[in-house]
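Note sheet for the following structure.
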Amino acid sequence: MAQDLPSLNALHAFEAAARLGSVSRAAVELHVTHGAVSRQIRTLEEQLGVALFVKDGRGLKLTEAGLRLRDVSGETFARLRQVCGELRQHEADTPFVLGCPGSLLARWFIPRLDRLNSALPDLRLQLSTSQGELDPRSPQVDATLLYAEPSWPADMQVFELARESIGPVLSPQHPRFTELSAAAPAALLHEALLHTTSRPQAWPQWLSAMNLELAAMRLGQGFEHLYYLLEAASAGLGVAIAPLQLVADDLKARRLVAPWGFVETEARLALWVPERRSGGRAERLADWLRSELQIAQ
């Protein structure tokens, strides 16, 4: 004898109609039409081989089989509703841990944290950074915000947020600011360029896009993290290179300028979410990040 359950949608429609004593009220609760509920109940009767309702005047009455199924399905769906509510409450009470590189955290995320908390108060965001390379698969994080190039791994849900654009920046405090800011890009080949060991390919990528000779490039002071690199540039110590998103606020405030423009790379700023953690909160965060990045453009 087959032990498979009948259609769960049909069971759901039957349970609502039996509990509420009305197909019409069941349709309202389930946000479907009266006809849709009736069809689901007929499907269930066909699958079970028994009548569940009979006409009673202008209404319907449960048969003996219908009464038995009403009691069992009612208890089952009530328990399901209870457990689902408990799970939602548990998620609401649990912080959402976001891994983020320190430079991105300090220069872009934290200045927008108040807006995020106002827009998504139920997110209960907790920020996490690391001195080393971030691991999006770490069990300690629910999602990771970082720059990376496709393709994306199959075990991660990756929300692409923005293309990466990189370009050179310098401060008005630079001793040769007036001269340099008016010069052609080739003038940078005569500068000892500030750089970061975490992104050694940045200067070669930009210079190649400008059709400049890479062999003529001169690297000056190096920094382990982009945050320190940009602090050095802001202090007038040299010309640095950085993603547009991380210097956008500095450009607006004229703490830094970008006379030579930005070029797109193959990388994306993306929110990485392990499949085990994918869900509503991650999607809402991705939507907010995407809209915030569009505002900044």
Side-chain angles (χ1 to χ4, degrees), residues 98-112 127-138 141-169 185 188 193-212 214 217 219 222-233 239-251 256 258 260-275 278 282-283 285-297:
L98 176 68
C100 186
S103 300
L104 182 58
L105 179 65
R107 299 194 69 89
W108 190 87
F109 207 102
I110 287 177
R112 293 161 175 78
L127 296 165
S128 173
T129 189
S130 170
Q131 293 299 321
E133 187 174 345
L134 289 169
D135 179 9
R137 295 178 176 83
S138 169
V141 298
D142 296 296
T144 305
L145 182 66
L146 51 82
Y147 286 100
E149 293 186 8
S151 57
W152 311 125
D155 62 336
M156 302 289 293
Q157 184 175 16
V158 179
F159 297 91
E160 293 188 17
L161 306 173
R163 290 287 297 261
E164 182 191 51
S165 296
I166 58 172
V169 294
L188 296 182
L193 303 172
L194 303 180
H195 62 101
T196 173
T197 55
S198 64
R199 185 69 188 276
Q201 72 273 29
W203 274 117
Q205 283 180 320
W206 187 85
L207 292 170
S208 294
M210 295 291 109
N211 295 314
L212 296 174
L214 296 184
M217 178 181 67
L219 294 180
F223 297 86
E224 185 178 0
H225 299 294
L226 185 61
Y227 177 80
Y228 303 133
L229 171 72
L230 293 175
E231 287 298 301
V239 181
I241 190 164
L244 174 58
Q245 287 87 3
L246 270 64
V247 294
D249 293 341
D250 299 278
L251 296 177
L256 292 171
W260 307 284
F262 293 81
V263 297
E264 285 191 349
T265 74
E266 294 300 316
R268 309 287 193 276
L269 180 60
L271 185 70
W272 293 50
V273 184
E275 287 293 346
S278 61
E283 291 183 6
L285 176 58
D287 289 342
W288 183 89
L289 290 167
R290 195 175 288 115
S291 65
E292 192 69 19
L293 286 161
Q294 290 173 350
I295 290 171
Q297 290 178 353

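Taken to the nearest 0.5 Å, the CH2 atom of Trp288 stands 7.5 Å off from the CZ atom of Arg112. Atom CE in Met217 sits 12.0 Å away from atom CH2 in Trp206 (nearest 0.5 Å). Leu230 contributes atom CG, which lies 7.0 Å from atom CG of Asp250 (distance to the nearest 0.5 angstrom).
In plain terms, the two heavy atoms of Ser198 and Leu226 that are nearest each other are OG-N, 4.4 Å. Between Ala143 and Val273, the shortest heavy-atom distance links the atoms CB-CG2, 3.9 Å. Closest non-hydrogen pair, Leu212 versus Pro185, comes out as CD1-O, 3.8 Å. Heavy atoms only, all atoms of each residue included: Ala258 and Leu251 are closest at N-CD2, 3.8 Å. Across all non-hydrogen atoms, the minimal contact from Gly102 to Thr129 is N-OG1, 3.2 Å. Nearest heavy-atom pair across Leu214 and Pro204 is CD2-O, 3.6 Å.
The side-chain heavy atoms of Glu164 and Glu149, taken from C-beta on, include no pair separated by under 4.5 Å. At least one side-chain heavy atom of Leu271 sits less than 4.5 Å from a side-chain heavy atom of Leu285. The shortest distance between side-chain heavy atoms of Met210 and Trp260 does not fall below 4.5 Å. Between Trp203 and Leu188, the closest side-chain pair of non-hydrogen atoms falls below 4.5 Å. Residues Val141 and Pro136 form no side-chain contact, since every pair of their non-hydrogen atoms from C-beta on lies 4.5 Å or further apart.
Across Leu194, Thr197, Leu246, a single residue satisfies side-chain contact (heavy atoms from CB on, under 4.5 Å) together with Leu229, and that is Leu194. Between Ile166 and the options Val247, Ile241, Leu244, a side-chain contact (heavy atoms from CB on, under 4.5 Å) holds for only Ile241. For the side-chain contact (heavy atoms from CB on, under 4.5 Å) test with Leu289, the passing option among Leu161, Leu98, Leu269 is Leu161; the others fail.
When atom types are taken as modelled, the side chain of Arg107 and the backbone of Leu105 share no donor-acceptor pair closer than 3.5 angstrom. A distance-only check finds a donor-acceptor pair linking the side chain of Arg163 to the backbone of Thr265 [under 3.5 Å]. Without hydrogens or angle criteria, Arg290 side chain to Glu160 main chain gives a donor-acceptor distance under 3.5 Å. A donor-acceptor pair is defined here as one N or O able to donate and one able to accept, closer than 3.5 Å; such a pair exists between the side chain of Ser103 and the backbone of Tyr227.
In this structure Asn211 satisfies the side chain to side chain donor-acceptor pair (under 3.5 Å) test with no other residue, sequence neighbours excluded. With sequence neighbours left out, Trp152 forms a ring-ring contact (aromatic ring centres under 6.0 Å, His included) with Trp272. Scanning for side chain to side chain donor-acceptor pair (under 3.5 Å) contacts around Tyr147 gives Gln245, with sequence neighbours left out.
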side-chain contact (heavy atoms from CB on, under 4.5 Å) between Glu266 and Gln205, intermediate numbers included:
CA-CA 10 Å; Glu266 294 300 316; Gln205 283 180 320; over 6 Å; no
